[in-house]
Amino acid sequence: EKVVLPEKLASIGTCAFDSCNNLTDIELPSNLEYIGESAFASSGVREVVIPASVGLIDYNAYRYSKLSKITFEEGVSEIYSSAFYGTKLTSVKLPNSLEYLGSWAFADTLLSEVDFGSGLTDILSGTFYGTNLTSITIPANIEYIGDEAFAYSNLKSVVFGNEAIYIGESAFCGCSIETLNIKDGT
């Protein structure tokens, strides 16, 4: 089933569509500012466009949903912990406007591609834990990689665009890294 939410809607509350298995398609209004905690958790939603007006996607918003495709419009600034945990996402392009990405946000997904955007400075604990990433380029704007950030992913190649970076405990634990480059290939 498809749901088109009203244009005047500014907020989707906690658990609003949690476990709505028949909900496969949802159109979010262009004025939406907030997606609440577990709003679409364990739902059947497969694809979504997050409008530029959304400032915050709260904890577990799409956790364990059937989400396989997401588009973030420029303007989205915060994604809280576990927002997309356990979804079917295979790729994600984070907007340049994103300033905060919570821990475990994309953990245990099918991600094989990620574009970090230019606004993010920290990759927190477990953010990409257990994904299908095989190769990543961490841009120069990233200064901090938290504990277990990429642990147990399929990483074989990592390129760092910044030599002044903090790497937390077990950040790449369980990965089979074969190639590691820091800054301009040094």
Side-chain angles (χ1 to χ4, degrees), residues 35 37-43 45-46 48 50 56-72 76-186:
I35 298 174
E37 184 174 345
S38 301
F40 297 96
S42 300
S43 72
V45 173
R46 297 183 199 303
V48 69
I50 307 291
L56 172 63
I57 300 170
D58 216 334
Y59 300 96
N60 302 316
Y62 289 87
R63 185 179 180 127
Y64 293 126
S65 70
K66 294 195 168 100
L67 191 65
S68 60
K69 184 175 181 188
I70 189 164
T71 304
F72 293 101
V76 177
S77 59
E78 294 181 277
I79 298 173
Y80 278 15
S81 297
S82 302
F84 300 98
Y85 187 103
T87 62
K88 311 273 186 225
L89 290 171
T90 57
S91 68
V92 66
K93 181 180 184 332
L94 299 173
N96 293 327
S97 56
L98 188 67
E99 296 174 353
Y100 179 82
L101 180 60
S103 58
W104 306 93
F106 291 99
D108 284 334
T109 62
L110 302 175
L111 277 183
S112 58
E113 291 181 55
V114 63
D115 180 335
F116 294 99
S118 62
L120 200 60
T121 58
D122 298 340
I123 298 172
L124 300 180
S125 299
T127 302
F128 296 99
Y129 182 103
T131 62
N132 288 336
L133 292 169
T134 57
S135 175
I136 56 166
T137 298
I138 298 172
N141 50 291
I142 302 294
E143 300 169 351
Y144 176 93
I145 297 175
D147 299 346
E148 299 183 298
F150 295 94
Y152 300 101
S153 62
N154 293 326
L155 280 175
K156 292 183 180 2
S157 174
V158 180
V159 176
F160 293 97
N162 184 353
E163 63 186 29
I165 195 167
Y166 171 85
I167 299 174
E169 293 180 22
S170 303
F172 296 96
C173 179
C175 297
S176 299
I177 295 175
E178 298 167 359
T179 307
L180 180 66
N181 290 322
I182 300 174
K183 211 165 178 173
D184 298 318
T186 56

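Positions are given from 1, in the same order as the sequence printed here.
Between the Asn141 side chain and the Gly117 main chain, a donor and an acceptor come within less than 3.5 Å of each other. Proximity of a side-chain donor or acceptor of Asp108 to a complementary backbone N or O of Tyr85 within less than 3.5 Å is not detected. With hydrogens and angles ignored, the 3.5 Å screen pairs no side-chain donor or acceptor of Thr127 with any backbone N or O of Ala105.
A distance of 7.5 Å separates OG of Ser91 from CG of Leu89, quoted to the nearest 0.5 Å. For the atom pair OG (Ser77) and CG (Leu101), the distance works out to 12.0 Å, reported to the nearest 0.5 Å. To the nearest 0.5 Å, atoms CD1 (Ile57) and CD1 (Ile70) are separated by 5.5 Å. Summarising the geometry, atom CZ belonging to Arg63 is positioned 11.0 Å from atom OG1 belonging to Thr87; distances are rounded to the nearest 0.5 Å. The line from OH of Tyr100 to CG of Leu120 is 10.5 Å long, rounded to the nearest 0.5 Å. Atom-to-atom distance recorded for Thr121:OG1 and Tyr144:OH is 11.0 Å, nearest 0.5 angstrom.
Across every non-hydrogen atom of Gly126 and Ala107, the tightest pair is O-CB, 3.4 Å. In this structure, Arg46 and Lys66 approach most closely via the heavy-atom pair NH1-CD, 3.5 Å. Contact between Ile79 and Ala83 at its shortest, heavy atoms only, is CG2-CB, 3.5 Å.
Judged as a salt bridge (charged side-chain N to carboxylate O under 4.0 Å, His left out), and not counting sequence neighbours, the contacts of Lys93 are Asp115. When the side chain to side chain donor-acceptor pair (under 3.5 Å) test is applied to Ser81, the partners found at least two apart in sequence or on another chain are Ser103.
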Verdict with reasoning, Ile138 to Val158, per side-chain contact (heavy atoms from CB on, under 4.5 Å): CA-CA 7 Å; Ile138 298 172; Val158 180; 4.2 Å; yes

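Side-chain contact check for Asn162 versus Ile142: every heavy-atom pair is 4.5 Å or farther apart. Using a 4.5 Å heavy-atom cutoff, the side chains of Phe72 and Leu98 are not in contact. Considering only heavy atoms from C-beta on, Leu133 stays 4.5 Å or farther from Phe106 through its side chain. Ile145 places none of its side-chain heavy atoms less than 4.5 Å from the side chain of Phe128. Residues Phe40 and Ile35 have side chains in contact (heavy-atom distance under 4.5 Å, counting atoms from C-beta outward).
Among the candidates Leu111, Thr109, Leu110, the single residue satisfying the side-chain contact (heavy atoms from CB on, under 4.5 Å) test with Thr90 is Leu110.
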Distance-only donor-acceptor pairs under 3.5 Å for side chains of residues 146-154, two or more places apart:
unit_1, atom_1, unit_2, atom_2, d
Asp147, OD1, Glu169, N, 2.8
Ser153, OG, Phe150, O, 2.7
Asn154, ND2, Asn132, OD1, 3.3

